[in-house]
Visitor: 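Got a structure for you, questions after.
Quick note: numbers below take in every heavy atom, side chains included, and nothing from hydrogens, waters or symmetry partners. Just so we're clear, the structure is a prediction, and the values are computed from it rather than from any experiment.
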Amino acid sequence: MIDEGGSPDPAPRVPAGAAQAYIAARSAMVAQVDRALADSPEHRALIGANPLRMMFDNHRNHAQFLGAVMTLDRYDLLGTTIPWVYRAYLGQGFQPEYFGVELAAWRRAVDDHLDAGAARPIKRLYAWIEEHHAHWLLAAQVPPEPELVGDPRWEADRRRFFEAVLAGDKWAAWDALREHVAATDQLVDAFEEVVRPAMYEVGAMWERGEISPAIEHRASVTSLLALSAVQMNRRPAGERRGLAIVTAAPNEFHRMGGQLVAMALEEDGWQVSNLGANTPAADLVALVAAERPRLLAFSVAMAYNLEGVQAVIEQLRATPACADTRVMVGGLAFRFMPELAHSLGADSAPGSLRQAVLDARRWTNG
């Protein structure tokens, strides 16, 4: 039976105490799972020609993600994220059997590092995930849902930009955006209608195994270079609405979403401090307390980074100097679940750049 969210029957929930025990032992369990799969030639064959580091990253991300699912009590994330994980790793050459071997290693690690009371409900959750292996495989074969294309009048520029970044041609990517730089009312639309769907398609091609990680990285850097050219050829004038800090989540290395939000806010009259990717939580909280921005915007592409965002928001709410800072979250992790913002304690999860600008403007007016 499949529920309305496209997931198998509801996952068994884990009590808070067991979830905290899992999180406390997470690093030790990740190390054990790494050793178990790396030390066996038979297991290593399951990752194809990929380096061990890619498998190790998956184990670390797995533990972060499961911790977020349990602490947020959002087990619906399993049904949206596990098929993506299967699709992404199968596209890079991992074998389907890898996931069963990995889950067995996790169950052994849970037994070795947690007491019986905490281990029992967590192993039930792992058993549920493994029982639905066939479902995850089937769901992984469904292509990623396409980005909303929007206005067909942008199609030519969208195609030019996509082909340019895929080829690593920063000048051609800049040319696809150049004519919109001088038009005050077109720039944010260009980000929404050209850059965002083009880069989403690049990511989808990587998921399907159609381009290598190297090509995907080159496309991202090329896009950022073109956006830098846009930014340096445009100096917003007029009254500033206030200070906004924009950053990717801790452990989040995708910069594109944050860059687009930062530029859209700057275009609307904000003074923007863009911190880029993977800002350490303690340093971010200290900066917000010192500079007291009106707005803090998080970009979160990967669901396994949600727990880190929640921890930062909790620290902000507990810091008197940060009391007046509104928190906005966005990115791929919220694409199908914007209500996750409330689970994290955020004030807003806009689904578009235009909506992000409107939300931020409303807060200044308030």
Visitor: Please say whether more than 12 non-hydrogen atoms of neighbouring residues, nucleotides or ligands are located less than 6.0 Å from CG in Asp324.
Guide: no
Visitor: Write down the atom of Ala68, the atom of Ala303, and the distance for their closest heavy-atom approach.
Guide: CB-O, 4.4 Å
Visitor: Could you tell me how the ring of Phe94 sits relative to the ring of Tyr98: parallel (under 30°), tilted (30 to 60°) or perpendicular (over 60°)?
Guide: perpendicular
Visitor: May I ask you to check whether over 12 heavy atoms, not counting those of Arg120, lie within 6.0 Å of atom CZ?
Guide: no
Visitor: Would you give the length of the straight line joining atom CG of Leu66 to atom CE of Met29, rounded to the nearest 0.5 angstrom?
Guide: 9.0 Å
Visitor: Taking 4.0 angstrom as the limit, do Arg317 and Glu314 come out as a salt bridge?
Guide: no
Visitor: Determine yes or no for a side-chain-to-main-chain donor-acceptor pair under 3.5 angstrom, with Asn274 supplying the side chain and Ala262 the backbone.
Guide: no
Visitor: I'd like to know if the side chain of Glu252 and the backbone of Met302 have a donor-acceptor N/O pair within less than 3.5 Å.
Guide: yes
Visitor: Got a donor-acceptor contact below 3.5 angstrom from the Thr325 side chain to the Pro293 backbone?
Guide: yes
Visitor: Hey, what do you get for OH (Tyr304) to CG (Asp57), rounding to the nearest 0.5 Å?
Guide: 7.5 Å
Visitor: Are Gln271 and Glu266 close enough, and set up right, to give a side-chain hydrogen bond (donor to acceptor under 3.5 Å, both in side chains), and what steps lead you there?
Guide: CA-CA 6 Å; Gln271 176 189 349; Glu266 190 172 76; over 6 Å; no
Visitor: Hydrophobic cluster mates of Val221, side-chain heavy atoms under 4.5 angstrom, ILVMFWY only, any path?
Guide: Leu225
Visitor: Hey, can you tell me if Tyr126 and His62 have their rings parallel, tilted or perpendicular (30° and 60° cut-offs)?
Guide: parallel
Visitor: Look at atom CD of Glu339 and say whether more than 12 heavy atoms of other residues, nucleotides or ligands are closer to it than 6.0 Å.
Guide: yes
Visitor: Are any of the side-chain nitrogens in Asp175 or Arg160 under 4.0 Å away from the carboxylate oxygens of its partner?
Guide: no
Visitor: Examine the side chains of Asn50 and Gln92 and answer whether a donor and an acceptor come within less than 3.5 Å of each other.
Guide: no
Visitor: Please determine which of Asp76, Leu77, Val14 meets the side chain to side chain contact (heavy atoms under 4.5 Å, CB included) test together with Val69.
Guide: Leu77
Visitor: Just how far is it from atom CZ of Phe334 to atom OG of Ser348, taken to the nearest 0.5 Å?
Guide: 10.5 Å
Visitor: List in chain and number order the residues that pass salt bridge (charged side-chain N to carboxylate O under 4.0 Å, His left out) with Glu201, two or more places apart in sequence or in another chain; answer none if no residue qualifies.
Guide: Arg208
Visitor: When the ring planes of His135 and His132 are compared, do they come out parallel, tilted or perpendicular, using 30° and 60° as the limits?
Guide: perpendicular
Visitor: Count the heavy atoms belonging to other residues, nucleotides or ligands that lie under 6.0 Å from CZ of Arg107, then report whether that count exceeds 12.
Guide: yes
Visitor: Take the angle between the ring planes of Trp84 and Trp206 and call it parallel below 30°, perpendicular above 60°, tilted in between.
Guide: tilted
Visitor: Strictly distance-based, threshold 3.5 Å: is any side-chain N or O of Ser40 a donor or acceptor partner for the main-chain N or O of Ala36?
Guide: no
Visitor: Can Asp112 and Lys123 be counted as an ion pair, charged N to O under 4.0 angstrom?
Guide: no
Visitor: Quiz question: by atom type and distance under 3.5 Å, do the side chains of His133 and Tyr86 form a donor-acceptor pair?
Guide: yes
Visitor: Are Leu78 and Val85 co-members of a hydrophobic cluster defined by side-chain heavy atoms under 4.5 Å apart?
Guide: yes
Visitor: Could you walk me through whether Glu192 and Arg354 satisfy the salt bridge (Lys or Arg N to Asp or Glu O under 4.0 Å) test, starting with their C-alpha distance in whole Å, then the side-chain angles of each, then the deciding distance to 0.1 Å, before giving a yes or no?
Guide: CA-CA 8 Å; Glu192 194 80 72; Arg354 282 292 185 195; over 6 Å; no
